[in-house]
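None of these values were measured; they are calculated from a predicted model. A, B, ... follow the sequence lines: proteins, then strands. Residue 1 opens every chain.
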Number of protein chains: 2
Amino acid sequence: MNSAQNAKRRGRPPAFNHDDALEKAMQAFWEHGYEGTSMAVLMETMGMNKPSIYAAFGNKEALFRKALQKYVSGPSAFVKDAVSEPTARQVVSVLLTKAVELLTAQNTPRGCMIVQGALSCGPESEHIQQELICYRSNFEGSLKERFDLAKANSDLPKDANTATLAKYVAIIHQGISVQATSGATKNDLMAVIDVVMKNWQ
Amino acid sequence: MNSAQNAKRRGRPPAFNHDDALEKAMQAFWEHGYEGTSMAVLMETMGMNKPSIYAAFGNKEALFRKALQKYVSGPSAFVKDAVSEPTARQVVSVLLTKAVELLTAQNTPRGCMIVQGALSCGPESEHIQQELICYRSNFEGSLKERFDLAKANSDLPKDANTATLAKYVAIIHQGISVQATSGATKNDLMAVIDVVMKNWQ
DNA sequence: ATATTTACTTACCAATCGGTACATTAATTA
DNA sequence: TAATTAATGTACCGATTGGTAAGTAAATAT
């Protein structure tokens, strides 16, 4: 609708593509975290100068939040698909397998942006830290809901503690993310997933 | 031997206690990570001004490394004890239980200093990031060696993949660390440990 | 008492941080 | 062609970063 061609907007046309620039920002934040990514490197990777970035995306915090949304709806979109798998076991298996594939992929940064974006930080980044905590909590919450459904369907035993199971899977996922940044390979982590799934009820 | 009282050193006596100051630095780095802890807050928490810190501990990187050693031989010393437990199962159980107790304690920062000290960072902190990766790798390596021993003692099955088991336990530990910083309680995480141990071979 | 040694305090350094004022360029509209 | 609009490039802002030079204070040795 409001594409550049149709709109014929008045002033000087932007020299950047909004989506491409945000993708670059996402990659930078993904790799080096919120505090570890300076406006200077954002300028370079996005191919924009600072005033253009601020005009297009707001300040650094706003840019990070938009990059985070792009991460959730892009590389991390498989999470929503995984919880739609027919059984709890398949949910866990698909979720962890696809997570390992993403977090150890060669063409993208290692590890999960939501885990390492601002795990620990200085006082001026606490809002972002809290936002990421919220994202992780929602992830865990959606797992719990899916397990509640499985329990109602007798896919999980009646006495299953769904909150604990959800936290267990979240812990595996977050541990995998730490391992991926530390250089663990896809095969290393897939072997661990095998152990986890072998133990799954 | 070289205590202040016995030595009768020449010049002006230090106004700080070396060990106490390092303890304070450790707590600050533990809570906010390497990059998130500025020299300004280190000055305040250590009760020393900058030149005294540099004279006593070297630059920020050297100070962090010394704080890290203090963390390993202090709060995190239980790891060495845990791997001395008589069976692999007890090793894992004691290790994870004590980890949860430490990482969710009220009087100390949440989470593990070795995990969140510099999980992602800017280019000027990559040495520290690498050092922490090394520490985590050594932790995992000592677990593998312990499992190798258990395998030799028929405490673990002959076909057990000890490297994978070690990575599995390391992943649980690192996931717990992420959870602890995000506000998970001791009870939350102990329940997960119960699940892990119930699944343990 | 003087010299020496050591640590402290103050003040400063260049570099970088996130963020912005201002003038310029390139497009459309009149 | 002149006016308007929007995005650009440059140059700057105060604050903070890690790190240090230089002078002062407090102890011991001569």
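- Regarding B:E124, its CD atom lies at a distance of 9 Å from the P atom of C:dT16, rounded to whole Å.
- Here the nucleotide nearest the side chain of B:P13, chosen from C:dC17, D:dA27, D:dG18, is D:dA27.
- For the side-chain contact (heavy atoms from CB on, under 4.5 Å) test, no residue two or more places apart in sequence or in another chain qualifies with A:E145.
- With sequence neighbours left out, B:D19 forms a side chain to side chain donor-acceptor pair (under 3.5 Å) with B:K70.
- Partners of A:T104 according to the side-chain contact (heavy atoms from CB on, under 4.5 Å) rule, which considers only residues two or more places apart in sequence or in another chain, are A:V100, A:A180, A:K186, A:L189.
- Under the rule for a side-chain contact (heavy atoms from CB on, under 4.5 Å), the partners of B:Q201 that lie at least two apart in sequence or sit in another chain are B:L156, B:P157, B:L165.
- What separates NE2 of A:H32 from P of C:dC17 is a distance of 13 Å, to the nearest Å.
- For DNA chain C, none of the residues of residues 16-28 of chain A falls under the heavy-atom distance limit of 4.0 Å.
- Of all the residues in residues 128-135 of chain A, not one reaches under 4.0 Å from DNA chain C with any non-hydrogen atom.
- In this structure A:Q179 satisfies the side chain to side chain donor-acceptor pair (under 3.5 Å) test together with B:E140, B:K167, B:Q174, sequence neighbours excluded.
- Every residue meeting the side-chain contact (heavy atoms from CB on, under 4.5 Å) condition with B:P75, not counting sequence neighbours, appears here in chain and number order: B:M26, B:W30, B:Y71, B:L102.
- Regarding B:R9, its CZ atom lies at a distance of 14 Å from the C1' atom of C:dC8, rounded to whole Å.
- Ring pair B:F139/B:H173 is tilted by interplanar angle, where 30° to 60° counts as tilted.
- Here A:T45 contributes atom OG1 and A:E31 contributes atom CD; the two are 10.0 Å apart, rounded to the nearest 0.5 Å.
- The interatomic distance linking B:E35 (CD) with C:dC17 (P) rounds to 10 Å, in whole Å.
- Across all strands shown, A:S125 has no heavy atoms under 4.0 Å from either base or sugar-phosphate atoms.
- Each of C:dG18, D:dA7, D:dG18 was ranked by its minimum atom distance to the side chain of A:K60; first place goes to C:dG18.
- One can find a donor-acceptor pair under 3.5 Å joining the base of C:dT25 and the side-chain atoms of A:R12.
- Residues of residues 40-57 of chain B that place a heavy atom closer than 4.0 Å to DNA chain C, in numerical order, are B:N49, B:P51, B:S52.
- Applying the side chain to side chain donor-acceptor pair (under 3.5 Å) test to A:K151 and every residue at least two apart in sequence or in another chain returns nothing.
- If you measure from atom CZ of A:F29 to atom C1' of C:dG18, you get 11 Å, rounded to the nearest angstrom.
- Contacts of B:D194 classified as salt bridge (Lys or Arg N to Asp or Glu O under 4.0 Å), with partners at least two apart in sequence or in another chain: none.
- With hydrogens and angles ignored, a donor-acceptor pair closer than 3.5 Å exists between the side chain of A:R10 and the base of D:dT4.
- Atom CZ of A:F64 and atom P of C:dG18 are 13 Å apart (whole Å).
- With sequence neighbours left out, the side chain to side chain donor-acceptor pair (under 3.5 Å) criterion links B:S182 to A:R136.
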